[in-house]
S.K.: 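Structure in structure tokens, see below.
When a residue number appears, it is its place in the shown sequence, counting from 1.
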Amino acid sequence: MTSHPSRHCTVELQALPSRIGQVRRIVSAQLRYWHLDPLIDRATLGVTELLSNVHRHAQPDKSCTVEIELLLDRLTVSVRDHDPRLPMMEAVAHAADIAPLATCGRGLAMVAAVSESWGVRPEGDNGKVVWFTLPTASPARPQPQPARRPRRGTSEKPVHLFTEPAPEPAVCATSGAHAPARSAVVG
């Protein structure tokens, strides 16, 4: 049985509108590096909504940490802030009541709509973590292509091809058994 190590990326930032776009680009680059391109739109939409909530509601400050982690067949995206107040869960249940042209109020409903699961984990007086998960549609690790069969009458041997990973983004690291994750501070 082959084990797949966890892959992890952490970004610390102030949840200001100018920084949210940077985090979207970081998340996109990291998912491309992990060969998870099909998840980019949903992951960046979800992280944008969570960071927008921190910007609008978090007290006493707007500092937060975004983490993305790939473990086996599941991508988890989380945002940790220092405000112990939990988001209004009933807002998700009544998302249909929001006016069609409203410019806010859909954050957690959008996260629920694009994700497989989501939730909130209180951390006492230290704040909370709001998270969501996305299933990976394909293996996150480069896989060998099937061996070619030699043509009749030749002695050609089967060849296994592996895709070389793209260069690693500067802000995040793939963490495995021997490589600790790095942290980037966007501020």
Side-chain angles (χ1 to χ4, degrees), residues 7-34 36-70 74-134 166-174 181-187:
R7 297 174 187 201
H8 187 258
C9 175
T10 302
V11 181
E12 296 176 27
L13 71 143
Q14 292 288 319
L16 303 173
S18 61
R19 301 295 185 219
I20 293 172
Q22 290 176 335
V23 173
R24 287 175 59 91
R25 288 187 294 279
I26 290 168
V27 169
S28 295
Q30 190 64 48
L31 293 180
R32 272 189 213 91
Y33 176 69
W34 289 341
L36 295 174
D37 297 48
L39 300 182
I40 290 172
D41 289 341
R42 292 187 296 154
T44 57
L45 176 62
V47 79
T48 298
E49 293 302 328
L50 296 183
L51 289 173
S52 296
N53 283 348
V54 172
H55 173 70
R56 285 188 195 107
H57 305 293
Q59 299 295 330
D61 60 37
K62 306 300 180 192
S63 63
C64 63
T65 303
V66 174
E67 292 185 69
I68 56 175
E69 183 174 29
L70 176 63
R74 188 96 39 251
L75 180 74
T76 301
V77 179
S78 62
V79 175
R80 170 180 282 113
D81 66 46
H82 298 161
D83 189 342
R85 296 176 301 154
L86 300 180
M88 303 298 249
M89 300 298 196
E90 61 272 0
V92 176
H94 302 293
D97 296 337
I98 298 171
L101 299 177
T103 58
C104 62
R106 292 188 178 91
L108 291 176
M110 287 254 248
V111 171
V114 301
S115 66
E116 177 182 63
S117 61
W118 73 277
V120 179
R121 185 174 62 246
E123 297 196 330
D125 292 338
N126 296 324
K128 65 184 169 298
V129 177
V130 184
W131 57 269
F132 65 91
T133 64
L134 299 171
E168 182 177 339
V171 294
C172 297
T174 300
R182 290 188 305 229
S183 176
V185 177
V186 179

S.K.: Can you check side chain to side chain contact (heavy atoms under 4.5 Å, CB included) on Val77 and Val27, steps first, answer last?
M.R.: CA-CA 9 Å; Val77 179; Val27 169; 5.8 Å; no
S.K.: Could you name each residue pair satisfying salt bridge (charged side-chain N to carboxylate O under 4.0 Å, His left out) that touches residues 111-120, not counting sequence neighbours?
M.R.: Arg74-Glu116
S.K.: Could you go through Leu39 and Trp34, starting from their C-alpha distance and side-chain angles, then the distance that decides it, and tell me whether this counts as side chain to side chain contact (heavy atoms under 4.5 Å, CB included)?
M.R.: CA-CA 11 Å; Leu39 300 182; Trp34 289 341; over 6 Å; no
S.K.: Apply the test side chain to side chain contact (heavy atoms under 4.5 Å, CB included) to residues Cys64 and Leu13: give CA-CA distance (whole Å), side-chain angles for both, the deciding distance (0.1 Å), then the verdict.
M.R.: CA-CA 6 Å; Cys64 63; Leu13 71 143; 4.0 Å; yes
S.K.: Quick one: CG on Asp83 to OG on Ser63, what's the gap to the nearest 0.5 Å?
M.R.: 10.5 Å
S.K.: I need the minimum non-hydrogen distance between Ile40 and Arg32, along with the two atoms involved.
M.R.: CD1-CG, 3.7 Å
S.K.: Work out which heavy atom in Glu67 is nearest to a heavy atom in Thr10; give both atom names and the distance.
M.R.: CG-OG1, 3.8 Å
S.K.: Identify the heavy atoms of Pro87 and Val130 that sit nearest to each other, and give their distance.
M.R.: CG-CG2, 4.4 Å
S.K.: Can you name the closest pair of heavy atoms from Thr133 and Ser115 and give their distance?
M.R.: O-CB, 3.4 Å
S.K.: Looking at side-chain heavy atoms only, is the closest gap between Phe132 and Leu50 below 4.5 Å?
M.R.: yes
S.K.: Which heavy atom in His55 sits nearest to a heavy atom in Leu16, and how many Å separate them?
M.R.: ND1-CA, 4.1 Å
S.K.: Provide the closest heavy-atom pair for Ala15 versus Val54 in the form atom of the first, atom of the second, distance.
M.R.: CB-CG1, 3.6 Å
S.K.: Going by the rule side chain to side chain donor-acceptor pair (under 3.5 Å), which residues pair with Asn53 if we only count those two or more places apart in sequence or in a different chain?
M.R.: none
S.K.: Hey, could you give me the CE/CZ distance between Met110 and Arg42, rounded to the nearest 0.5 Å?
M.R.: 14.0 Å
S.K.: Do Ile26 and Val66 come within less than 4.5 Å of each other through their side chains, counting heavy atoms only?
M.R.: no
S.K.: Please answer whether the main-chain N or O of Asp81 pairs with a side-chain N or O of Lys128 as donor and acceptor at a distance below 3.5 Å.
M.R.: no
S.K.: Donor-acceptor check, side chain of Lys62 to backbone of Gln14, threshold 3.5 angstrom: yes or no?
M.R.: no
S.K.: Does Leu75 form a side chain to side chain contact (heavy atoms under 4.5 Å, CB included) with Leu31? I'd like the steps, not just the answer.
M.R.: CA-CA 10 Å; Leu75 180 74; Leu31 293 180; 3.8 Å; yes
S.K.: Looking only at atom types and distance, does a side-chain atom of Arg121 sit under 3.5 Å from a main-chain N or O of Trp131, one as donor and one as acceptor?
M.R.: no
S.K.: Once rounded to the nearest 0.5 Å, what's the spacing between atom CZ of Arg80 and atom CD of Glu12?
M.R.: 10.0 Å
S.K.: For the backbone of Ile20 and the side chain of Arg24, can you confirm whether one donor and one acceptor N or O come within less than 3.5 Å of each other?
M.R.: no
